[in-house]
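Notes follow the structure.
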Amino acid sequence: MAAVTLRRARCWCPSLLQFFRLPVAQVHLSRPAMRASQQDFENAMNQVKLLKQDPGNQVKLKLYALYKQATDGPCNMPKPGVFDLVNKAKWEAWNSLGSLPKETARQNYVDLVSSLSPSAEASSQGKHEADEKAQKSKDIVVTSEDGITKIVLNRPTKKNALTFEMYQDIILALKNASTDNSAITVFTGTGDYYCSGNDLTNFTSAAGGMEEAASKGAVVLREFVNSFIDFPKPLVAVVNGPAVGIAVTLLGLFDAVYASDKATFHTPFSHLGQSPEACSSYTFPKIMGSAKATEMLLFGKKLTAREAWAQGLVSEVFPDSTFEKEVWTRLKGYAKLPPNSMRISKELIRNNEKEKLHAVNAEECTTLKAKWLSEECINAIMNFVSRKAKL
Ligand SMILES: CCCCCCCCCCC/C=C/C(=O)SCCNC(=O)CCNC(=O)[C@H](O)C(C)(C)COP(=O)(O)OP(=O)(O)OC[C@H]1O[C@@H](n2cnc3c(N)ncnc32)[C@H](O)[C@@H]1OP(=O)(O)O
């Protein structure tokens with residue numbers, strides 16, 4: 001077992017919220033070879049130091065608790081007094097893990113850090129960080145005006161289907177929008193469609209074999225969905241027309257969804273031999289109840305905008321003739337609200353779910369990777385590409 005000594009290091013910029021000194025490992029180099037999970041744990045501890053954004057107190061408490069559980073086991077300290085607020089919160093977080101085994105705590109710590117830090121994860125795999133990348137295509141157009149960053153899916157001839165480059169550009173756009181001057185961020189589409197989902201030629205046109213494409217797809221998808229889970233500002237979808245597949249499932253991670261009455265919503269995963277993504281296996285039953293979620297996610301039932309509103313997926317439906325005017329007027333008003341207050345309110349809401357959402361995302365990506373290699377899925381994609389099927 002490696003000898004690990006602990007020192008204390010300050011993480012993130014000093015602020016009123018920063019009250020933790022998270023433990024950082026110094027690992028003796030002369031140690032024998034370790035099991036992968038221990039190595040992952042140490043890498044994760046180092047990644048914590050590299051986080052550029054303060055992940056918020058709830059997450060820091062969770063990290064602290066998991067760290068202590070993984071290294072010391074169940075909480076063995078006396079409970080601090082009521083006025084020792086910081087240590088009491090830390091103690092409670094640790095104590096709440098009960099008898100969680102050290103190895104599980106270690107794994108949960110690694111998962112939590114990797115979910116917080118997709119760019120650190122990517123750079124550890126030898127990739128460039130998102131802010132070092134240039135936008136790759138003109139199929140995503142990003143503008144910022146009136147306190148609103150607008151991310152437009154701009155591939156109308158293909159119904160705004162998402163190419164591999166578009167996924168990467170959206171990750172980059174969200175990363176930039178999270179720190180720009182805008183108060184809210186809005187997605188919409190050019191032309192008659194909002195988005196027809198994943199471009200079904202992503203896999204058939206990928207270099208390398210299907211296995212390589214599926215592995216790459218799962219990594220990109222996980223990072224893509226993470227960037228929605230972690231997005232810190234109000235995120236609004238202006239659904240100008242039909243939405244298909246991942247364009248629908250992602251809506252469960254938005255803060256508000258405004259739809260034209262021309263919009264429809266469907267997720268033909270079973271028709272495609274695939275399975276749900278973007279945390280919809282969790283968010284959809286939560287939003288609309290399991291019976292309605294089943295009709296959408298298993299049977300591919302198409303909803304009208306009003307049906308989607310009745311089921312809680314859409315915040316409000318507007319007549320198509322006045323849709324743009326009404327929605328943008330409203331959003332410009334919202335963008336004038338105090339931005340920090342909106343961020344903090346969103347953080348309070350999202351923090352209750354973040355850990356769960358990351359776990360669901362990871363599991364959905366693993367499941368999809370296997371489905372992409374199945375005969376059912378390959379046949380369905382081939383049928384679409386050879387124009388035998390319209391979904
Ligand atoms: C290396 C690998 C990288 C992978 C990257 C990560 C992958 C993450 C994947 C996440 C999982 C996501 C799942 C989904 O989103 S499932 C849903 C997928 N979408 C569909 O199944 C829709 C398919 N399209 C249709 O059924 C119809 O086109 C549609 C009903 C949308 C519109 O019909 P309409 O008759 O009005 O128009 P056309 O069919 O003539 O379409 C016009 C042109 O647009 C092309 N098109 C439309 N949608 C897609 C699409 N999703 N993928 C590719 N191409 C699409 C269509 O082919 C037409 O093109 P042409 O004019 O050239 O024929």
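Whatever order the structure lists them in is the order used to number ligands and atoms, beginning at 1. Numbering starts at 1 and runs along the sequence shown.
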Apply side-chain hydrogen bond (donor to acceptor under 3.5 Å, both in side chains) to Tyr167 and Asn198, showing your working. CA-CA 9 Å; Tyr167 286 104; Asn198 186 44; 2.7 Å; yes

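Ligand 1 has an N or O atom lying under 3.5 Å from an N or O atom of Ser196, backbone or side chain. Of the N or O atoms in Tyr193, none lie within a sub-3.5 Å distance of an N or O in ligand 1. Taking only nitrogen or oxygen atoms, main chain and side chain alike, Ile246 reaches within less than 3.5 Å of ligand 1. Below 3.5 Å of separation, one finds no N or O of Leu221 facing any N or O of ligand 1.
Environment of CG in Asn352: crowded, with over 12 heavy atoms of neighbouring residues, nucleotides or ligands closer than 6.0 Å. For CD of Glu326, the number of neighbouring non-hydrogen atoms (other residues, nucleotides, ligands) closer than 6.0 Å is greater than 12. The number of heavy-atom neighbours closer than 6.0 Å to NZ of Lys354, taken from other residues, nucleotides and ligands shown, is above 12.
With salt bridges taken as basic N to acidic carboxylate O contacts below 4.0 Å, one links Asp180 and Lys233.
Using a 4.0 Å cut-off to heavy atoms of Gly197, the atoms of ligand 1 that qualify are 15 (O). Ligand-side atoms of ligand 1 in range of Gly245: 14 (C), 15 (O), 16 (S), 17 (C), range being under 4.0 angstrom from any heavy atom.
Below 30°, between 30° and 60°, or above 60°: for Trp372 and Phe203 the angle between ring planes is between 30° and 60°, a tilted geometry.
Looking at Pro276, Gly300, Ala213, it is Ala213 that brings a heavy atom closest to atom 2 (C) of ligand 1. Comparing heavy-atom distances from atom 59 (O) of ligand 1 across Glu212, Arg155, His271, Lys158 singles out Lys158 as nearest. In this comparison of Asn198, Val385, Val219, Leu272, the heavy atom closest to atom 16 (S) of ligand 1 sits on Leu272.
Looking at heavy atoms from C-beta onward, Lys332 lies in side-chain contact with Ile148 at the 4.5 angstrom threshold.
Cluster membership check: Leu357 shares its hydrophobic cluster with Val225, using side-chain heavy-atom separations under 4.5 Å among Ile, Leu, Val, Met, Phe, Trp and Tyr.
For the ligand labelled ligand 1, residue Thr157 lies inside the 4.0 Å heavy-atom shell. Using a 4.0 angstrom heavy-atom cutoff, Phe224 does not count as in contact with ligand 1.
Residues Thr185 and Ala177 share a closest heavy-atom pair of OG1-CB, 3.7 Å.
Residue Glu277 touches ligand 1 through its side chain alone, judged by heavy-atom distances below 4.0 Å. When heavy-atom distances to ligand 1 are checked against a 4.0 Å cut-off, Ala161 comes that close only through its side chain, counted from C-beta outward.
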